Amino acid sequence: MLKQVFDKEQLSKVLTSSDVWQWDLLSIYGDVEKAVDHTVKYWKLHNLNLSLLEKRIINGKTVFSPAVMEDAFAIKLLDRFVRRIYKVRQSDRNRIVRQLITLLKDSGCYHVLRLDIKDCYESIQSDSIIRKFEEEMILAPECIKLLNDVFTDLRVEKNMHGLPRGLSISPTLAELYLEDLDKKIASHNDVIYCARYVDDIVLLTPVGKEDKVKADIQSFINEMGLSLNDNKDKCYSGLSSSAEFDYLGYSIKVERQNKKPNKVNVRISQSKINRIKTRIVKSFCDYRKRNDLILLKRRLEYLCMLKHVRKGKNGDLLAGIAYNYQYVTDGFECLKEVDGFLCQQLVDPRFGLAKQGQEKIKKVSIYGNARKGNIGKFSKSQTIKIMRVWKNA
């Protein structure tokens, strides 16, 4: 069984370079090892009792965060224990999209259902999760105590009984809770294919069976204390040969071909395009305050260039538009409108960008960098400075 101890050895395994920069460990403690020593001593002194969670509203959703670094690290270590013991893994977004595109190319006639669990985190009752851990007695008592502290704070101080958005443990607990739903859907006789990414579900069924499948899934979900979202932007129902819907940041459109596999057109969804535009505007607003042209240029480059996230034996892990949306079929043509939008901001008088500055920024092409898959070099300190202005956007 995995060693479940809140000590120096275990904490060192979960700390990342992002933690180092987020909590400014080098400036405050001199090095990471001293920060780890401090954290373990803090846990012992406070008997691993957490401070009250901080609460704020982001994009209309209530989000919680640990009040102090030591609490954040304790919850992060707890998350590692739960994931390792229960073998919890989030679905692979790229794999789902790849499989879905392949299935939609099939010229056979099926029905596509896209469903969404309404207020998923908030609707999952924390009591049932704690009860599961207590009954199975696999998770260490110290871990269960820590979870109880989190949920007691939420119930008593915040009048909230679901999973808290913003805490590192919540996605893991949600995945663990929804495993039963995945099994029930997968074993349904009329489900040809199903995939779930967090609260977003996509299915293929035989034509004529879609209403029964949806009703059965609704029943499964209701039994778990959850419900389906009826928002038109969150659900879809239609034939596979003419399907047109958004899923996992992509806009997918199927066209039937005569005696050939269906043509599946894939582009970045408009909601994601709008998010890029929002980040561009925030970057220009910050330029107006700081008059830092180099930082503005680096932010725009960061938006559209690939970044090395982690080096591995099987190749480097990358991030960025060209990687996150690698299955687009339009060659990123949809990003040309973003370049046009960027040009409009350059000459907008409210941002006060001089001619010389405009010429420098014009060299940055969102479309060009994404299409070519250009890789940028950004240090951790640069990344934090770049992304600070985009918080919650």
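All figures in this text were calculated on a predicted structure; none of them were measured in a lab. Along the sequence shown, residues are numbered consecutively beginning with 1.
In this structure, the separation between CD1 on I294 and CZ on R299 is 13.0 Å, given to the nearest 0.5 Å. We find the SG-CD1 distance between C194 and I185 to be 6.0 Å, quoted to the nearest 0.5 Å. Atoms NE2 and NZ, on H46 and K41 in that order, are 14.0 Å from each other to the nearest 0.5 Å. The line from CG of L100 to CZ of F245 is 4.5 Å long, rounded to the nearest 0.5 Å. The CZ atom of R267 sits 13.0 Å away from the OH atom of Y250 when rounded to the nearest 0.5 Å. With rounding to the nearest 0.5 Å, the separation of CD1 in I221 from NZ in K214 is 10.5 Å.
When atom types are taken as modelled, the side chain of R371 and the backbone of G331 share a donor-acceptor pair closer than 3.5 angstrom. A donor-acceptor contact shorter than 3.5 Å is absent between the side chain of E134 and the backbone of K132.
Hydrophobic clustering, with ILVMFWY side chains joined whenever heavy atoms are under 4.5 angstrom apart, groups Y29 together with V40. I384 is not connected to L15 by any chain of hydrophobic side-chain contacts under 4.5 Å among Ile, Leu, Val, Met, Phe, Trp and Tyr, and they are in different clusters. Both L147 and I85 belong to a single network of hydrophobic side chains, linked directly or stepwise wherever heavy atoms of I, L, V, M, F, W or Y lie under 4.5 Å apart. Both L48 and I75 belong to a common hydrophobic cluster when Ile, Leu, Val, Met, Phe, Trp and Tyr are linked at side-chain heavy-atom distances under 4.5 angstrom. Cluster annotation: W23 is connected to I28 through the hydrophobic network of ILVMFWY side chains, with a link wherever side-chain heavy atoms come within less than 4.5 Å.
In this structure the side chain of F133 reaches within 4.5 angstrom of the side chain of L173, judged on heavy atoms. Taking the side chain as every heavy atom from C-beta outward, L293 and I361 approach each other to under 4.5 Å. For the pair L103/I192, no side-chain contact is recorded, criterion being any heavy-atom separation below 4.5 Å from C-beta on. No side-chain heavy atom of Q125 sits under 4.5 Å from any side-chain heavy atom of Y177. Side chains of I273 and Q270 form a contact here, defined as non-hydrogen atoms less than 4.5 Å apart. Taking 4.5 Å as the limit, some side-chain heavy atom of F64 sits within range of a side-chain heavy atom of T62. A 4.5 Å side-chain heavy-atom check between V198 and C120 finds every atom pair outside the cut-off. The closest side-chain heavy-atom distance from P164 to L154 is below 4.5 Å.
One side chain, N49 or K145, offers a donor N or O that lies under 3.5 Å from an acceptor on the other. A donor atom on one side chain and an acceptor atom on the other are not found under 3.5 Å apart for D348 and Q344. Side-chain atoms of R56 and S65 form a donor-acceptor pair, as typed in the model, at a separation below 3.5 Å. Of the N and O atoms on the side chains of D190 and T205, not one donor lies less than 3.5 Å from an acceptor on the other residue. In this model, no donor atom of one side chain and acceptor atom of the other lie less than 3.5 Å apart for D127 and H161. With 3.5 Å as the limit, one finds a donor-acceptor pair spanning the side chains of E136 and Y86. Under the 3.5 Å distance criterion, with hydrogens and angles disregarded, no donor-acceptor pair is assigned to the side chains of S269 and D246. Side-chain contact annotation: D79 with S168, donor-acceptor N/O pair under 3.5 Å absent. Under the 3.5 Å distance criterion, with hydrogens and angles disregarded, a donor-acceptor pair is assigned to the side chains of D24 and S27. For the 3.5 Å distance criterion, the side chains of T278 and W390 fail to qualify, holding no donor opposite an acceptor. Checked by atom type, the side-chain pair D149/T152 shows no donor-acceptor distance below 3.5 Å.
Geometric assessment of K277 against the ring of F341 yields a positive cation-pi assignment under the 6.0 Å and 45° thresholds. In this structure, K336 forms a cation-pi arrangement with Y367, its terminal cationic atom sitting closer than 6.0 Å to the ring centre and no more than 45° off the ring axis. Both cation-pi conditions hold for K307 and Y302: the charged atom is under 6.0 angstrom from the six-membered ring centre and inside a 45 degree cone around its axis. Relative to the six-membered ring of Y121, R165 meets both conditions, a distance below 6.0 Å and an angle of at most 45° to the axis.
Taking a cutoff of 4.0 Å between a charged side-chain nitrogen and a carboxylate oxygen, E179 and K183 do not qualify as a salt bridge. Residues D199 and K118 are not paired through a salt bridge, judged by the lack of any N-O separation under 4.0 Å between the basic side chain and the carboxylate. A salt bridge links D216 to K212: one of the charged nitrogens lies within less than 4.0 Å of a carboxylate oxygen.
When all heavy atoms are compared, the tightest approach of S51 to D71 is N-OD2, 2.9 Å. Among all heavy-atom pairs drawn from D286 and V389, the shortest one is CB-CG2, 3.6 Å. N265 and E255 get closest at one heavy-atom pair: ND2-OE2, 3.0 Å. For the residue pair A195 and I96, the shortest heavy atom distance occurs at CB-CG2, 3.8 Å.
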Please lay out, stage by stage, how K272 and Y325 fare under the test side chain to side chain contact (heavy atoms under 4.5 Å, CB included). CA-CA 10 Å; K272 298 302 178 184; Y325 298 97; 3.3 Å; yes
Show your reasoning for whether side chain to side chain contact (heavy atoms under 4.5 Å, CB included) applies to M69 and H38. CA-CA 11 Å; M69 174 195 76; H38 161 82; 3.9 Å; yes
Side chain to side chain contact (heavy atoms under 4.5 Å, CB included) assessment of K158 paired with K55: CA-CA 9 Å; K158 278 83 175 180; K55 172 183 172 182; 4.1 Å; yes
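When each of V338, L303, I276 is checked for a side chain to side chain contact (heavy atoms under 4.5 Å, CB included) with I321, only I276 meets the rule.
Within a 6.0 Å radius of CZ in R155, other residues, nucleotides and ligands contribute more than 12 heavy atoms. Heavy-atom neighbours of K61 NZ from other residues, nucleotides or ligands within 6.0 Å: above the threshold of 12.
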